[in-house]
Amino acid sequence: MHKAKKQSFFNDVYEVVKCIPAGRVSTYGAIAHYLGLRSGARMVGWALNHAVALPEVPAHRVVNCHGMLTGKRHFGSPDRMAELLRQEGIQVENDCVQDFKNIFWDPAKELNI
DNA sequence: TTCCTGACTTCGC
DNA sequence: AGCGAAGCCAGGA
């Protein structure tokens, strides 16, 4: 594997995440699947770990397949992620996105690039 | 190099 | 329906 490929993977993840509209959320698995990885969900999370420093990448809009805020502990403050989501009109209760199925944003369906 | 870990998902019981 | 175990890929020790 070459660095260029990894870099491309990072960039692809960022591009997809940047396309997530405010008020909607996506999942690691959906993004990984969209990028062609079989089970690269963990890699997406790993890539987003480097994206917290990038203000243009709304990493807080990415949750796990159950709509839970598993990445909240990487946002500096434990409740930072939930607050960011609430500011966008998303209801968060007990680290879990409410009405997740309804606000779920699937790049494979709603994005065509 | 081998082993362990992690912002995950899926299958089996 | 809910929980535990296995599978997955990349990086760090």
Side-chain angles (χ1 to χ4, degrees):
Chain A
M1 77 179 71
H2 288 289
K3 290 180 182 177
K5 188 171 185 178
K6 181 185 72 174
Q7 206 60 25
S8 172
F9 168 71
F10 269 64
N11 205 20
D12 289 343
V13 171
Y14 298 160
E15 287 301 316
V16 175
V17 174
K18 283 192 287 187
C19 290
I20 302 175
R24 305 288 297 278
V25 296
S26 192
T27 69
Y28 308 98
I31 296 171
H33 188 266
Y34 174 75
L35 294 179
L37 290 82
R38 295 195 312 138
S39 300
R42 307 183 87 147
M43 297 307 99
V44 174
W46 174 66
L48 286 180
N49 191 21
H50 291 265
V52 292
L54 307 176
E56 54 185 1
V57 181
H60 60 278
R61 293 178 194 152
V62 185
V63 296
N64 74 350
C65 65
H66 299 296
M68 299 170 68
L69 279 55
T70 51
K72 57 178 290 185
R73 63 199 202 95
H74 294 272
F75 279 81
S77 170
D79 293 324
R80 179 77 182 283
M81 188 173 183
E83 284 304 317
L84 288 172
L85 290 174
R86 289 198 184 98
Q87 289 175 11
E88 299 179 352
I90 297 176
Q91 296 182 358
V92 181
E93 294 292 334
N94 199 12
D95 297 340
C96 192
V97 172
Q98 302 300 295
D99 201 17
F100 167 66
K101 190 176 181 179
N102 225 12
I103 67 175
F104 171 62
W105 184 85
D106 188 355
K109 293 182 180 179
E110 314 203 32
L111 193 68
N112 268 330
I113 49 178

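Each chain gets a letter, A, B and so on, in the order the sequences are listed, and its residues count up from 1. Basis for what follows: all heavy atoms, side chains included, without hydrogens, waters or symmetry-related copies.
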Can you tell me the distance, in whole Å, between the CD1 atom of I31(A) and the C1' atom of dC9(C)? 16 Å

Taking the side chain as everything from C-beta on, heavy atoms only, tell me whether M68(A) gets closer than 4.5 Å to V63(A). no

Output the rounded distance in Å from CH2 (W46(A)) to C1' (dG6(B)). 11 Å

Whole angstrom is fine here: how far is it from CE in M68(A) over to P in dG2(C)? 12 Å

Nearest to the side chain of M43(A), which nucleotide is it out of dC8(C), dA7(B), dC9(C)? dC9(C)

Atom-pair distance (CG on N64(A); P on dG6(B)), nearest Å: 16 Å

Go through dG11(C), dG7(C), dT10(B) for me and flag the one nearest to the H66(A) side chain. dT10(B)

For K18(A), is there an ion pair with E15(A) - N to carboxylate O distance below 4.0 angstrom? yes

Working to the nearest 0.5 Å, report the span between OG of S26(A) and OH of Y34(A). 11.0 Å

Minimum heavy-atom distance D79(A)-K72(A), with the two atoms named: OD1-NZ, 3.7 Å

Residues A32(A) and G40(A): closest non-hydrogen pair is CB-C, 3.6 Å

Base, sugar-phosphate alone, or nothing: which one does N49(A) contact when heavy atoms must sit under 4.0 Å apart? base

Are OP1 or OP2 of dC8(B) and a side-chain N or O of T70(A) less than 4.0 angstrom apart? yes

Is the phosphate of dA7(B) approached by R73(A) (side-chain N or O, under 4.0 Å from OP1 or OP2)? yes

For F9(A) and dA10(C), give me the distance from atom CZ to atom P, rounded to whole Å. 8 Å

Send over the distance from K72(A) NZ to dG6(B) P, rounded to a whole Å. 17 Å

What does V63(A) touch in the nucleic acid at a heavy-atom separation under 4.0 angstrom: a base, only the sugar-phosphate, or nothing? nothing

Donor-acceptor pair under 3.5 Å, R42(A) side chain vs dG7(C) base: yes

When the distance from NE2 of H50(A) to C1' of dA7(B) is rounded to whole Å, what number comes out? 11 Å

Look at all strands and tell whether A59(A) reaches a base, only sugar-phosphate, or nothing, counting heavy atoms closer than 4.0 Å. base

Find the distance D95(A):CG to dA7(B):C1' and express it as a whole number of Å. 13 Å

